[in-house]
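The basis for the numbers below is simple: all heavy atoms, side chains too, and nothing from hydrogens, waters or symmetry mates. In listed order, ligands and their atoms are each counted from 1. Starting from 1, each residue takes its place in the sequence as its number. Quantities reported herein were computed from a predicted structural model and do not represent experimental measurements.
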Amino acid sequence: MNVLEVRGLSVEYAAPGGAVHAVSDVSLDLRRGEILGIAGESGSGKSTLAHAMSRLLRPPARVTAGAVRYCPPDDAEPVDLLTLDRAALRRFRWKELAVVFQSAMNSLNPVSTIGAQIDDVLRTHRTDMSKADRRERAVELLGRVGIDPERRRSYPHELSGGMRQRAVIAIALALNPQIIVMDEPTTALDVVVQRDILHQIKELKDEYGFAVVFITHDLSLLLEIADHIAIMYAGRVVETAPARSVHEAPRHPYTLGLVRSFPKLHGPREELLGIPGTPPDLRSLPPGCAFHPRCRFAVDACRSHRPGLLTTDDGVQVACALHDASVYAGDLPAELSPREETR
Ligand code: SF4
């Protein structure tokens, strides 16, 4: 059952040389209690998508089309977040949807203690809670994210980077939201702390039942924690599949390039491939498939036909001409074919 449905979402930035189409016609489903990973290189549109889903875009960015529907847990009518007025949006944020961004230092108030910042959220949204209840909740939340509750008296600059990011997660959890959008939440941290926090997010998700949209350029992280993964390229989703399928049998050449850019820790050795070239200028995309100048599988049709998302027999969504029999009559390369074990 979905908790969030993104439909046909497009976002552009007004710029002197012409509009930058950062997100184009993106549709995604976030199921209740799952982690949906969104991966892609810098400039693929994933952070713009996160901001648009959370109604945090600022000019010159603007949504030009689409809807972001929140489906309440009580089977009430879905709500399009893009149509909420300010007051409704204020009520909605934190309570139903919370956000965690990369730089905890930018999210936290530097002149307020961690405890006071948790208290602020509770005081604003839970007017039924007494001061003692709020203090108890702050202690509980800090304990749950692995921070000694005594540190609630600390200011952000007195905490390590990892502890600050944990504190932001504690604040995000304060009102038991249904959805947490996390945009590169562990990118600035060293790998050991990063792994610790990832596992903690997964444990918290299992305990509290919220769903997560987890955005990162590092696909290897998503393979560890995500249930489903969407791959973005040049503002569009080019593949959506269960994490295992993305790992074992990527269907889009770009996904294959991302998967083969880092070494596998288990199984037979595979040559590291990487992806040649650089992402395109979003103001003037190449004709046809935007990935064709970098794609080693490109055929003639790729230069004129822009592939839409098609659903394969085993439920993977992929936007590539090679999977579309109406455009390409040849055999699908073995590297882009489904594997028996992921069916
Ligand atoms: Fe490559 Fe063509 Fe598929 Fe684009 S449509 S990813 S260029 S094979």
State whether Glu158 and Arg151 are salt-bridged, where the test is any N-O pair (Lys NZ or Arg NE/NH1/NH2 against Asp/Glu carboxylate O) under 4.0 Å.
no
Run the salt-bridge test on Asp120 and Arg134 with the 4.0 Å N-O cut-off and return the result as yes or no.
no
Using 30° and 60° as the class limits, which term best fits the ring planes of Phe210 and Tyr208: parallel, tilted or perpendicular?
parallel
Just say parallel, tilted or perpendicular for the rings of Phe291 and His252, cut-offs at 30° and 60°.
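The rings of Phe291 and His252 sit tilted, inter-plane angle from 30° to 60°.
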Checking Val139, Ile114, Leu141 against Pro149 for side chain to side chain contact (heavy atoms under 4.5 Å, CB included), the one that qualifies is Val139
Contacts of Arg90 meeting side-chain contact (heavy atoms from CB on, under 4.5 Å) (sequence neighbours excluded), chain-then-number -> Ala87
Heteroatoms of the protein, restricted to N/O/S, which lie under 2.8 Å from atom 1 (Fe) of ligand 1:
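Atoms qualifying: Cys295 SG.
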